[in-house]
Amino acid sequence: YSTCYQIYETANYEGAYQAFSGFLEDSPADSLAARAHYYMGECARRTGLSEKAATHYKTALDSDGASGSLKLLAAKGFADISYALQNYSDAVTGYTYLQTYGDNIVSRNEGLWGLGRSYYAMQSYAAAIPVWERIHILEPESVEGTHHLAKCYLSTSQRDRAKELFRLISGKTKTPEGAEAAWFLIQDTYDSGNFEDVQKMVYDLVDSKCNQTYYLAKSFITLGDAFMELGNETQAKATFESVLNGYTDSEEITSAVKMRLEKLK
C-alpha cells in the first residue's frame, strides 16, 4: 500500500491507479482496501474517468472498514462527481451523508448546499423546500439560496411566498437570479392588470444597469404586451421590434416577438 501511495504522491495518477488495482487483487480483504478505493477514485477523477471515479468513491463510502474521516472524503468525492455527471439521485446520497455526519460546519454546509442544489436540479421541489428554508435562515443574504427557495415555492403553488422572496433579490439585477426575480415581478404586475406600472418597472430595470439580456428581453416583451392592453399599438410595435432587432440569442424570445408582431399586421 505504501508503494502505491508513493506513486500517487508523485502525481502519476495512471500509474498509481494500476498499482492500487494490483494491491486490491493481492489483498482484497485488506483493511486498507477502502482507502485504496478512495485513492483509485481520486486517480480516476484526475484522469477524466468520472464514472469510474464515482464507483470507487461509493465503494469506499460503503465499506465497513473505512474510517469516519475517509467516509466523509469519499462521500464528498462521490457527491461532487455525481452532481457533475447529472446523476442527481446519487449526489443526494453523498450530500446527505456529508450533511448528516460532517465533522465540522464547513463540511455540513457543503452537504446542505449540495443537497439543495441536487433536489432543485431533479425538480424535486417539495423535497428541496426544507433544505432551502434552512439555507435561507443560515444565509439570508444569499441570492442563489433566496432564488431557489422562491422557485420551489412557485413550483408548489405557493405564489405569495415566492413573490415575497423575489422582492428581496429583485434589486440584484446583475445576477441571473436577481434579474429573473425583477422580471417575475414585472410579469406579475402585468398579470394583475396594472399595465401602467409595468412601464415604470421596466424602465427602472434598465436604469439598474441590468446586464442580463435574456430577462431584459422578456421584460420588454411584457412591456409591449402592456402597451397593447392600453391600446397603444404603435408603442407596442416599436417595443417588440426593438427586442427583435436587439436580441437574437434565444429562439424562445424571437418566436414570441414574431408572433406578437404578426398579430399587429
Side-chain angles (χ1 to χ4, degrees), residues 113 116-117 120-121 123 125 128-129 132-133 135-136 139-265:
W113 276 88
R117 288 169 177 150
Y120 187 82
Q123 299 182 0
Y125 300 119
I129 283 174
W132 287 112
E133 285 179 336
I135 290 171
H136 186 59
E139 301 185 42
E141 300 301 317
S142 168
V143 174
E144 179 190 354
T146 303
H147 170 269
H148 282 16
L149 180 56
K151 291 293 289 285
C152 289
Y153 282 149
L154 195 61
S155 298
T156 53
S157 302
Q158 301 180 70
R159 190 176 183 86
D160 288 343
R161 299 182 79 176
K163 281 173 60 175
E164 181 181 342
L165 292 176
F166 278 135
R167 287 193 187 98
L168 293 177
I169 60 171
S170 61
K172 308 288 187 180
T173 59
K174 292 185 180 180
T175 68
E177 297 90 351
E180 182 182 0
W183 165 75
F184 172 86
L185 294 174
I186 290 168
Q187 185 64 45
D188 183 74
T189 300
Y190 171 85
D191 293 339
S192 299
N194 299 316
F195 306 122
E196 293 181 352
D197 291 341
V198 169
Q199 183 174 0
K200 180 180 184 305
M201 293 174 73
V202 173
Y203 293 157
D204 285 346
L205 178 60
V206 174
D207 289 343
S208 75
K209 308 300 182 184
C210 175
N211 58 4
Q212 301 297 317
T213 55
Y214 174 75
Y215 290 109
L216 278 170
K218 287 176 73 73
S219 296
F220 272 100
I221 290 174
T222 305
L223 175 60
D225 290 341
F227 283 136
M228 287 291 293
E229 294 290 345
L230 291 168
N232 192 341
E233 292 189 1
T234 300
Q235 194 70 29
K237 184 171 186 272
T239 301
F240 293 141
E241 288 177 340
S242 71
V243 175
L244 189 62
N245 295 330
Y247 186 85
T248 59
D249 293 343
S250 168
E251 180 62 31
E252 172 202 345
I253 298 294
T254 301
S255 296
V257 172
K258 286 182 177 178
M259 178 188 70
R260 286 164 170 78
L261 287 171
E262 188 66 27
K263 289 181 179 179
L264 283 169
K265 287 184 179 179

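Residue numbers count from 1 along this sequence. Heavy-atom basis, side chains included; hydrogens, waters and symmetry copies ignored.
- R260 CZ to L264 CG: the interatomic distance, rounded to the nearest 0.5 Å, is 10.0 Å.
- Note on E233 versus K263: no salt bridge recorded, every NZ/NE/NH1/NH2 to OD/OE distance being 4.0 Å or above.
- Judged purely by distance below 3.5 Å, without hydrogens or angles, the side chains of Y215 and E177 never pair a donor atom with an acceptor atom.
- Residues satisfying the ring pair (Phe, Tyr, Trp, His ring centres under 6.0 Å) test with H147, not counting sequence neighbours, are none.
- Between the NZ atom of K172 and the CD atom of E144 there is a distance of 14.5 Å, given to the nearest 0.5 Å.
- Ion pairing between E241 and K237 holds under the 4.0 Å rule for side-chain N and carboxylate O.
- Considering CD1 of I186 and CG of N194, their distance stands at 13.0 Å, rounded to 0.5 Å.
- Atom NZ of K200 and atom CG of D197 lie 8.5 Å apart (nearest 0.5 Å).
- Nearest heavy atom pair, residue C210 against residue L216, reads O-CD1, 3.4 Å.
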Run the numbers on L205 and W183 for side chain to side chain contact (heavy atoms under 4.5 Å, CB included), then give the verdict. CA-CA 9 Å; L205 178 60; W183 165 75; 5.7 Å; no
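- Side-chain contact between L230 and E196: present, with at least one pair of heavy atoms (C-beta onward) separated by less than 4.5 Å.
- Looking only at atom types and distance, the side chain of E252 has a donor-acceptor partner in the side chain of Y214 under 3.5 Å away.
- A distance-only check finds no donor-acceptor pair linking the side chain of T254 to the backbone of E251 [under 3.5 Å].
- Side-chain contact check for I221 versus L223: every heavy-atom pair is 4.5 Å or farther apart.
- Between W113 and S142, the closest heavy-atom pair is CH2-OG, 3.2 Å.
- With rounding to the nearest 0.5 Å, the separation of CG in D204 from OG1 in T173 is 10.5 Å.
- Other residues, nucleotides and ligands place more than 12 heavy atoms under 6.0 Å from the CD atom of E229.
- For the side chain to side chain contact (heavy atoms under 4.5 Å, CB included) test, residues two or more places apart in sequence or in another chain that qualify with S155 are Y125.
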Test side chain to side chain contact (heavy atoms under 4.5 Å, CB included) on F166 and K151 and set out the steps. CA-CA 9 Å; F166 278 135; K151 291 293 289 285; 3.8 Å; yes
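- Residues L154 and K163 are not in side-chain contact: their nearest non-hydrogen atoms beyond the backbone lie 4.5 Å or more apart.
- Taking the six-membered ring where tryptophan is involved, the planes of Y120 and W132 are perpendicular, since the angle between them exceeds 60° and thus also 30°.
- Of all the heavy atoms in A128 and C152, the pair that sits closest is CB-SG, 3.8 Å.
- Here the CD atom belonging to Q187 is positioned 12.0 Å from the CD atom belonging to E180, to the nearest 0.5 angstrom.
- Looking at Q158 and T156, their side chains do bring a donor and an acceptor atom within 3.5 Å of each other.
- Note on E262 versus K265: salt bridge recorded, some NZ/NE/NH1/NH2 to OD/OE distance being below 4.0 Å.
- The shortest side-chain heavy-atom distance between R161 and L149 does not fall under the 4.5 Å cut-off.
- At least one side-chain heavy atom of V206 sits under 4.5 Å from a side-chain heavy atom of F220.
- Heavy atoms only, all atoms of each residue included: L165 and T146 are closest at O-CG2, 3.5 Å.
- Of all the heavy atoms in D188 and R159, the pair that sits closest is OD1-NH2, 3.2 Å.
- Nearest heavy atoms, V202 versus S219: CG2-O, 3.6 Å.
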